[in-house]
Trainee: 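Have a look at this one before I ask anything.
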2 protein chains.
Amino acid sequence: MERRLADTLRESIEQMIVTGEIADGARLDEVRLAAKFGVSRTPLREAFQVLSASGLVELIPRRGAFVRLPSVVQMIEMFEVMAELEAMCGRLATRRISADGIAALKKAADDCDRALMEGDTDQYYRENEVFHHLLYDASGNSFLAEEAARLHRRLQPFRRMQLRVRGRMGQSMKEHRDVLTAVESGDEARAADALHNHVAIQGEKFNDLMASYERTQRQAS
Amino acid sequence: MERRLADTLRESIEQMIVTGEIADGARLDEVRLAAKFGVSRTPLREAFQVLSASGLVELIPRRGAFVRLPSVVQMIEMFEVMAELEAMCGRLATRRISADGIAALKKAADDCDRALMEGDTDQYYRENEVFHHLLYDASGNSFLAEEAARLHRRLQPFRRMQLRVRGRMGQSMKEHRDVLTAVESGDEARAADALHNHVAIQGEKFNDLMASYERTQRQAS
DNA sequence: AAACGTAATTTTGTATACAAGAATGTTGAC
DNA sequence: GTCAACATTCTTGTATACAAAATTACGTTT
């Protein structure tokens, strides 16, 4: 389905931005990138349009496309909104989820734990995404599920900053369990709370983020 | 700033879609539209990319761009998410708003009332947008404010469906007052509740929406 | 040396050209 | 009459070409 240059280019550039290969604030040089990828400027510019819509780059008319990475403050704000959307999903899901849905959620949580214990962080992020997507879908509000998934995807690269710190992993496991038991017991408010707490950057999580952020900043300079 | 064909084209097409000039599900014919606007396909296709990102059209690779208007169910889902974001704004704004901010909010509510009493609905939508944007900004979370504004804008054409029904206007005025008093008295929960209630499609609002939706459907066919 | 104005050079935005894939129409077999 | 295979026509996706705006370089003036 996704077989257009514009789409693959978008993914590649996105990757280059979040890995720091292209620095924050830098201009995306159309001719240079076109040469680098061996394509013309046309599909590149189409990719720029959607990158701009996603907020990762800013398109200034007749000036160019500039990388716009969120600051720490913006990052915390984004996770705060994510937390609220997740809480909403949790509240609705608790009311509407089926027995099969709960079983699937349990399995996803188990898979998360296994990945963590095996130290396979890439696998963890995949399983964690499954867990959260199950909750989004279980909300029964497909628009909410889409929006939550969109923001989750946008935050993915920054989420890694938090969990990299040792010790956070056990904490994350426990938080999944809290969500699960709340959903299972039909306690909407507690499910919402547990999810908000799992996602928002508060307390120790703030310190973890700061430590990670400053490290990446030092790398970039 | 917005001086590119691609941007004006996006706006024009958006307008054509929400006014029904281009029907739901229709394919956006690149060559026909290019001829109609007297431009080439290049800026048109760039406009398609951002329309696709906003959800108003679906881009199917090598098939074309298709209009995707939300169904009634999706519309209710969208307003439910909007309600939650507004509630979040209200909760944070209540905690963080300044005296000046409250004064501005009061003025905006007054301007809304005046527009309604004068029967100037266009003016009402403008003033209503001011009122809500003030709340978004007062939340102190700029990312939240942006996201709320984005969704508000996306829902604007469908919002008109609800208020067109006679009698809803007085209701809307009262709801603004409820929000205002809650914010003023520092009652976070009540502010959040009042906003959720103001935005979500519940009770009589559902009937109003249905009546309006069916009317537009009849027009389209 | 700083500031201004102008020419040269990039770079963006748009138009046009072309190639590959999808849709459509036609013919022939059963 | 229906279905299938092929040819034709349209449509999309990408490359190239060109014009206008912005940036840079440079020389002149003070």
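Atoms considered below: every heavy atom in the structure, side chains included; atoms not considered: hydrogens, waters and symmetry mates.
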Trainee: Leu28(A) CG to dG13(C) C1': how many Å, rounded?
Mentor: 17 Å
Trainee: Figure out the CD1/C1' separation between Ile60(B) and dG21(C), and round it to whole Å.
Mentor: 15 Å
Trainee: Would you say Ser40(A) places a side-chain N or O within less than 4.0 Å of OP1 or OP2 belonging to dA15(D)?
Mentor: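 Yes, within the criterion.
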Trainee: Just how far, in rounded Å, is C1' of dT12(C) from CG of Leu33(A)?
Mentor: 14 Å
Trainee: Output the rounded distance in Å from CG (Asp29(A)) to P (dG13(C)).
Mentor: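 Interatomic distance, CG of Asp29(A) to P of dG13(C): 13 Å.
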Trainee: Over how many whole Å does the gap from Glu30(A) atom CD to dA22(D) atom P extend?
Mentor: 15 Å
Trainee: Which of these, Arg41(B), Arg63(B), Lys36(B), sits in a salt bridge (Lys or Arg N to Asp or Glu O under 4.0 Å) with Glu30(B)?
Mentor: Arg41(B)
Trainee: Using whole Å, report how far CZ of Arg41(A) lies from C1' of dC18(D).
Mentor: 11 Å
Trainee: What is the separation between atom CZ on Phe37(B) and atom P on dT14(C), rounded to the nearest whole Å?
Mentor: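 From Phe37(B) CZ to dT14(C) P: 14 Å.
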Trainee: Which heavy atom of Ala138(B) sits nearest a heavy atom of Arg96(B), and at what distance?
Mentor: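 Smallest heavy-atom distance, with atoms named: O-CB, 3.9 Å.
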Trainee: Can you confirm whether the side chains of Glu58(B) and Ser52(B) place a donor and an acceptor under 3.5 Å from each other?
Mentor: no
Trainee: So if I take every side-chain heavy atom of Leu5(A) and compare against dG13(D), dA15(C), dT14(D), which nucleotide ends up nearest?
Mentor: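 Nearest to the side-chain atoms of Leu5(A), counting from C-beta on, is dT14(D).
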Trainee: Which part of the nucleic acid, if any, lies within contact of Arg32(B), taking any heavy atom under 4.0 Å across all strands shown: a base, the sugar-phosphate backbone alone, or nothing?
Mentor: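 The answer is nothing, as Arg32(B) stays clear of every strand by at least 4.0 Å.
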Trainee: Select from Gly38(A) and Arg62(A) the residue whose nearest nucleotide in DNA chain D is closer to the 5' end of that strand.
Mentor: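 Per heavy-atom nearest nucleotide, the more 5' residue is Gly38(A).
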Trainee: So, under a plain 3.5 Å distance rule, would you say the side chain of Arg3(B) forms a donor-acceptor pair with the base of dG13(C)?
Mentor: no
Trainee: Counting side-chain heavy atoms from C-beta on, which of dT11(C), dT14(C), dA17(C) comes nearest to Arg4(B)?
Mentor: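 Among dT11(C), dT14(C), dA17(C), the one nearest the side chain of Arg4(B) is dT14(C).
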Trainee: Please determine if a side-chain N or O atom of Arg63(B) lies less than 4.0 Å away from the OP1 or OP2 oxygen of dA23(C).
Mentor: yes
Trainee: Are Arg45(B) and dG13(D) close enough that a side-chain N or O sits under 4.0 Å from OP1 or OP2?
Mentor: yes
Trainee: If we count only N and O atoms by modelled type, under 3.5 Å, do the side chains of Arg126(B) and Gln123(B) hold a donor and an acceptor together?
Mentor: yes
Trainee: Could you check how far CD of Glu46(B) sits from C1' of dT12(D), rounded to whole Å?
Mentor: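 After rounding, the reported distance stands at 16 Å.
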Trainee: The side chain of Thr42(A) lies closest to which of these nucleotides: dG13(D), dT14(D), dA17(D)?
Mentor: dT14(D)
Trainee: What are the two closest non-hydrogen atoms of Ser172(A) and His198(A), and how far apart are they?
Mentor: OG-CE1, 3.7 Å
